[in-house]
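Report on the structure given below.
Counting starts at 1 for both ligands and their atoms, in listed order.
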Amino acid sequence: MKIVNSWNDFDPLKHVIVGKADNTCIAPSEPASKAKVPLDSPMRGMTGPRPLDTVEKANAQLDNLAKILEEHGVKVDRPTPIQWNQAVITPHFMTGSMFGCMPPRDVLLTIGNEIIAAPMSFRSRYFEYLAYSPILRKYFDEDPEFKWISAPRPELGDASYDMHYFDGNVTEEVLLERTAKLHMVTTEHEILFDAADVLRLGKDLFCQHGLTTNRKAMEWLRRQYPDFRVHAVNFPGDPYPIHIDATFVPLKPGLIINNPTRRLPEEQRKIFEANDWKIVDAAMPAHKTPPPLCYSSVWLSMNCLVLDHKTVLVEASEVHQMEQMDKLGMNVIPVPFRDAYPFGGGLHCATADVYREGNCEDYFPKKVEDSTLVAYKKWL
Ligand code: DAV
């Protein structure tokens, strides 16, 4: 029986994984995660299990998401949460606790009949893939074509980070300058990526070069998928460039919404323009601030889950984003989800594709001189 098949984020969704909030911890500060906790966030310095009432509220919204998906004919699987409040000790690092398994999108990258466990850069997330092993074992047993892959497990020792990146009173202005120059907290010592930095559009993979994904990861993807084109994209304007799915979000073939505070630079748009793709500014978020104890920005407003070329799940309080989707010709299903945001993201983050109908298409048949194509030797 065919279980795993997904080449993009918009073909008809039939089977998906939805995360769980159980046991989620605010992980101790570490070289990479200082990057993720904004400088003025009350979460700086806080660690340990999240309060139980917030876990229960998040789980209620995650369960409701699963129910809505099932009502729309989508099969839903759930991970098996681990006791995340345990220390991790490896030959290269130690850290006081793990994180959680609410955002499967960060760790699982589905490309066709393959699911890859990503080599994530947070020490607290080193063992997160284990929460998905029970379901992936089942897919392996039942789908003879499913390829279960783990990217090279990273060391995450001090050489993997610029250990001085957050020294002193580093301001957002300084971070903006650094990220614009592509100076990230992660180094090029080893292959590092979060699956949520990889936008899959058939034969083209667009990877955000940011705090959680480096260039060596793109080269790994290029060698792993020699028939694909791997592109390195970046979005100046974000002091914390983490994950492409609140920045550059496709709704259907030919249409992408782009965060207006993080626009894709002109020279990186050529391949989209030459192939008649429209890139439109996303609507403004409905909220001025994220919910309490949330890592992500208000732009989770655009972190939607597309069910097919005409149907999209949007967070229920994001009135402007829902209105824009409607104008763009999409049917919108509102889903309350703000209680889940602090656990690692929005509706797209909280899910990972297992099966979408459709094949590996070439959405960019017209060739252009493309500055985004990964060319290893240029930067080695
Ligand atoms: O805008 O904070 C959140 C992406 C989570 N996967 C942001 C990015």
Taking distance alone, with no angle check, do S297 and ligand 1 share an N/O pair under 3.5 Å? yes
Run the contact test for C349 against ligand 1 with a 4.0 Å cut-off on heavy atoms, strictly below, and give the result.
yes
Checking heavy atoms under 4.0 Å, the part of I242 that sits near ligand 1 is backbone
Query raised in the report: Are R123 and D158 close enough, and set up right, to give a salt bridge (charged side-chain N to carboxylate O under 4.0 Å, His left out), and what steps lead you there?
Result: CA-CA 11 Å; R123 291 171 173 175; D158 291 358; 3.0 Å; yes
| Are the aromatic ring centres of H15 and Y139 under 6.0 angstrom apart? | yes
Within the structure provided, determine whether F248 and N259 are in side-chain contact (heavy-atom separation under 4.5 Å). no
N or O contact, W299 vs ligand 1, cut-off under 3.5 Å = no
Query raised in the report: Does a side-chain N-to-carboxylate-O contact under 4.0 Å join D353 and R105?
Result: yes
message = Suppose we call two aromatic rings close when their centres sit under 6.0 Å apart. Are Y161 and F93 close by that rule?
response = no
Counting heavy atoms under 4.0 Å, the part of M302 that contacts ligand 1 is neither
Counting heavy atoms under 4.0 Å, the part of S296 that contacts ligand 1 is both
A student checking ligand 1 against R262 at a 4.0 Å heavy-atom cut-off should list atoms 1 (O), 7 (C)
Q) Are R215 and E219 ion-paired here, with the side-chain N under 4.0 Å from a carboxylate O? A) no
* Asked: Any nitrogen or oxygen of Y295, main chain or side chain, under 3.5 Å from a nitrogen or oxygen of ligand 1?
  -> no
